Amino acid sequence: MGKVRFLPLKVEDPIILEKIKYSIAFLFSFTLVGLALYFNTLEEIWRGSIKILISPANLITDYFKLANVGAAFINAALMIIKSLLIIRSTKVALTGPLFAAIFTIAGFSLFGKNLFNSIPIIVGVLLYAKLTRTPFKNYLLSALYGTALGPLVSEVAFNSGFSFFMGIFLGCTAGIVVGLILPPLSRHFVSFHKGFSLYNIGFTAGIIGMAFIAFFRAYGIEVDTVYLVSSGYNKPLSIYLYSLFVLLLSAGIYLNGRSFSGYAKFLKEDGRGGPDFIERHGLGLTFINMALLGMLTTTFVLVVKGELNGPVIGGIFTVVGFGAFGKHIKNVFPILLGVLLVGWLTSTELSSTSFLLTALFGTTLAPVSGHYGVIAGVLAGSLHMVIVTNISYLHAGMNLYNNGFSGGFTAAIIVPLLEVFFFHKSKRKNKELTEPMINNESVKDLEEPKK
């Protein structure tokens with residue numbers, strides 16, 4: 001009998017690829033359901049889910065602590081399924097940006113997003129599409145990422161002193177208003193950071209949240225920031241995360257012809273503006289990249305002895321998602337290093353959830369290191385670490401993408417300086433290259449013609 005040889009396989013049929021993408025996304029949600037049932041009974045999950053729906057969700061409200069682990073993961077699974085159904089209804093392909101949105105929504109559904117506070121914002125974006133007579137699919141990313149302002153809906157509904165039904169009405173109204181103004185603002189603000197912060201909606205959401213909080217404070221309504229986090233789940237959750245990423249890596253290798261071929265070219269992407277890695281490099285390499293980012297960030301958390309709680313896992317999922325939309329291990333690592341360096345120099349507790357969120361979500365600045373190099377990335381991460389600690393007061397935790405808000409300011413500060421530096425560096429280099437040529441020509445012109 002001859003040896004069995006496995007031929008390289010690369011799936012290229014767009015219909016099959018689309019089915020694979022949806023299958024992976026749904027499988028992700030089902031693993032979260034299984035994890036939920038491991039931690040809690042159905043009765044505990046039900047009670048916890050109700051508590052999640054009717055509680056304020058200011059940053060940082062860990063649903064593991066507020067309710068229970070099982071309810072948090074069920075909430076995340078339901079949010080994934082809801083997002084997939086919305087995407088499917090628009091009949092668009094599941095692109096890299098949408099894959100990033102799914103993982104981001106799953107992550108933030110562990111500490112701030114839920115079915116109640118996300119739906120009014122999506123309805124607002126849908127209403128904007130109707131009013132402008134444009135297809136809703138054009139604003140799909142605004143609708144999905146815009147749920148960053150879900151805590152605003154919950155805060156107005158359940159923590160502003162209104163009766164239950166009046167609070168629900170006003171909270172939903174606030175969410176719809178947010179959805180209405182989000183698409184035009186997000187389109188405008190991308191020029192502020194020139195695509196060097198991947199969380200553009202996060203920056204826009206921060207501006208909107210800041211405006212709402214300023215309005216509240218003008219009328220004497222104070223909104224306190226929250227720091228509710230859990231601990232003690234590292235062993236089971238690290239097993240789950242590494243298993244998930246190994247499965248994703250295996251799927252990527254299989255779809256990429258059972259190899260890492262092309263990943264070196266993948267790492268040459270600078271990530272600026274959020275390129276669609278699925279479109280540029282294929283599904284296989286994108287899954288490989290997402291898996292490696294998951295392993296890197298999970299290991300980072302465990303090395304600094306952090307806790308794998310709702311917010312931190314949310315950060316890991318977000319980085320993994322953006323592995324399809326601008327991030328890879330080469331442009332992410334310098335940002336992590338920069339945040340870590342400033343944290344160490346300022347005696348910050350490196351194992352704290354707030355520090356870990358800054359490190360994980362600070363990778364929104366990955367395009368800075370991708371475009372300008374490692375040193376620039378370390379500097380961007382360092383500056384981000386300084387800025388982010390002072391920015392949450394402006395929106396009082398209403399914007400879950402606090403690092404996206406801070407990242408926009410960081411990019412706006414550092415990128416013009418880097419542009420000037422690299423422009424003059426390039427100018428000097430060109431001058432050095434052209435001077436010998438000019439000198440040679442001058443000498444040649446001065447030489448006496450040979451007779």
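The model shown is predicted, which means the values in this text are computed figures rather than measured ones. Counting begins at 1 with the first residue of the sequence. The basis for the numbers below is simple: all heavy atoms, side chains too, and nothing from hydrogens, waters or symmetry mates.
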Quiz item: Atom CG of Leu248 and atom CE of Met295: how far apart are they, to the nearest 0.5 Å?
Solution: 8.5 Å
Quiz item: Around Lys330, counting heavy atoms of other residues, nucleotides and ligands shown, do more than 12 lie under 6.0 Å from its NZ?
Solution: no
Quiz item: What's the verdict on ring pair (Phe, Tyr, Trp, His ring centres under 6.0 Å) for Phe409 and Phe405, showing C-alpha distance, side-chain angles and the deciding distance?
Solution: CA-CA 7 Å; Phe409 285 113; Phe405 188 35; 5.1 Å; yes
Quiz item: Minimum heavy-atom separation for Ser261 to Leu285, with atom names?
Solution: O-CD2, 3.5 Å
Quiz prompt | side chain to side chain donor-acceptor pair (under 3.5 Å) partner of Glu269, chosen from His371, His281, His328 | solution = His281
Quiz item: Which atom pair, heavy atoms only, marks the closest approach of Leu400 to Thr147?
Solution: CD1-O, 4.4 Å
Self-check item: Pair Phe28 and Phe99, ring centroids less than 6.0 Å apart
Solution: no
Practice problem: Could I get the full list of ring-ring contact (aromatic ring centres under 6.0 Å, His included) partners for Phe64, not counting sequence neighbours? | Solution: Phe73, Tyr233
Exercise. Would you please indicate if the ring centroids of Tyr242 and Phe245 are separated by under 6.0 Å?
Key: no
Exercise. To the nearest 0.5 angstrom, please state how far the CG atom of Leu237 sits from the CG atom of Leu35.
Key: 6.0 Å
Quiz item: Closest approach of Phe277 and Gly323, non-hydrogen atoms and distance?
Solution: CD1-O, 3.1 Å
Quiz item: Once you round to the nearest 0.5 Å, how far does OG1 of Thr318 lie from CZ of Phe322?
Solution: 7.5 Å
Practice problem: Please check if the distance between the ring centroids of Tyr145 and Tyr199 is under 6.0 Å. | Solution: no
Self-check item: Tyr240 and Phe39: CA distance, side-chain angles, deciding distance, ring pair (Phe, Tyr, Trp, His ring centres under 6.0 Å) verdict
Solution: CA-CA 12 Å; Tyr240 166 75; Phe39 279 101; 9.4 Å; no
Quiz item: Would Phe108 and Tyr401 count as a close aromatic pair, with their ring centres under 6.0 Å?
Solution: yes
Quiz prompt | Point-to-point distance, once rounded to the nearest 0.5 Å, from OG of Ser186 to CG of Leu141 | solution = 9.0 Å
Quiz item: So how far is it from Leu149 CG to Ile121 CD1, rounded to the nearest 0.5 Å?
Solution: 5.5 Å
Quiz item: Do other residues, nucleotides or ligands put more than 12 heavy atoms under 6.0 Å from the CZ atom of Arg88?
Solution: no
Practice problem: Taking the six-membered ring for Trp and the single ring otherwise, decide whether the centroids of Phe111 and Tyr63 are under 6.0 Å apart. | Solution: no
Practice problem: Could you check if a side-chain atom of Phe361 sits within less than 4.5 angstrom of a side-chain atom of Val319, using non-hydrogen atoms only? | Solution: no
Quiz prompt | Approximate separation, where rounding is to 0.5 Å, of Leu126 CG and Leu180 CG | solution = 10.0 Å
Quiz item: Is any side-chain heavy atom of Phe325 less than 4.5 Å from a side-chain heavy atom of Thr95?
Solution: no
